[in-house]
Amino acid sequence: MARHNRDGHGADQRGFTYCVSYQPDWLRHVKVTRDLENGRQSTKTLFRNPLHGCEAEPGERVRTKITSPDQGLDFEVAVIDPRSSVTRISVSCEVPSADGRRRETVEFTLEGDSRPVRR
């Protein structure tokens, strides 16, 4: 049986903080990708699940919520996955730039844990 969501926190390349509500038996980590001021792109691990493997079956609905009040970001992803075949989810969001004059894209990659359940 799937367990209730847990909450974790992290910060991105620009110091914005995030709260991640996640299923402990599915999510392995969340990565965030942003364009930097110099035009290059940077990917950083935003959050890593402190569990080292699943303790229960994840259930058929994969749910993850990410919020960042400083950026006005608040979204939740829910995927029905009865065969536990989803391993990665990518979400692109537009947020205000640091100067507030334009919008920029931030991409989140949610990686699932495909390791077997620990008994």
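This chain uses plain numbering: 1 for the first residue, then up along the sequence.
- The two residues C19 and H9 come nearest to each other via the heavy atoms SG-NE2, 3.9 Å.
- Under the side chain to side chain contact (heavy atoms under 4.5 Å, CB included) rule, V30 has a single partner from T109, T45, I66, which is I66.
- A salt bridge does not link R61 with D81: none of the charged nitrogens is closer than 4.0 Å to a carboxylate oxygen.
- Side-chain N/O atoms of T67 and D74 include no donor and acceptor closer than 3.5 Å.
- A salt bridge is defined here as a Lys NZ or Arg NE, NH1 or NH2 lying under 4.0 Å from an Asp or Glu carboxylate O, and E104 with R34 meets this definition.
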Chi angles and distances behind the side chain to side chain contact (heavy atoms under 4.5 Å, CB included) call for F108, L73: CA-CA 12 Å; F108 299 90; L73 187 69; 3.5 Å; yes
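- Counting heavy atoms from C-beta on, the side chains of V91 and V77 come closer than 4.5 Å.
- Between the side chain of Q13 and the backbone N or O of V32 there is at least one donor-acceptor pair closer than 3.5 Å.
- A donor atom on one side chain and an acceptor atom on the other are not found under 3.5 Å apart for N5 and Y22.
- Under the 4.5 Å side-chain criterion, counting only non-hydrogen atoms from C-beta, T105 is not in contact with C93.
- Closest approach of Q71 and D12 over heavy atoms only: NE2-OD2, 4.4 Å.
- The distance from atom OH of Y18 to atom CG of D70, rounded to the nearest 0.5 Å, is 9.0 Å.
- Counting heavy atoms from C-beta on, the side chains of L27 and L110 come closer than 4.5 Å.
- The heavy-atom pair separating E107 from S92 by the smallest distance is OE1-OG, 3.6 Å.
- In this structure a side-chain-to-backbone donor-acceptor pair under 3.5 Å is present from R6 to H4.
- The main-chain N or O of T64 is never found under 3.5 Å from a side-chain atom of W26 such that the two would form a donor-acceptor pair.
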Verdict with reasoning, K31 to E111, per salt bridge (charged side-chain N to carboxylate O under 4.0 Å, His left out): CA-CA 8 Å; K31 292 188 176 189; E111 294 273 347; over 6 Å; no
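- Of all non-hydrogen atoms in P24 and L51, the two that sit nearest each other are O-CD1, 3.7 Å.
- Sparse packing is recorded around CZ of R88, with 12 or fewer heavy atoms of other residues, nucleotides or ligands lying under 6.0 Å away.
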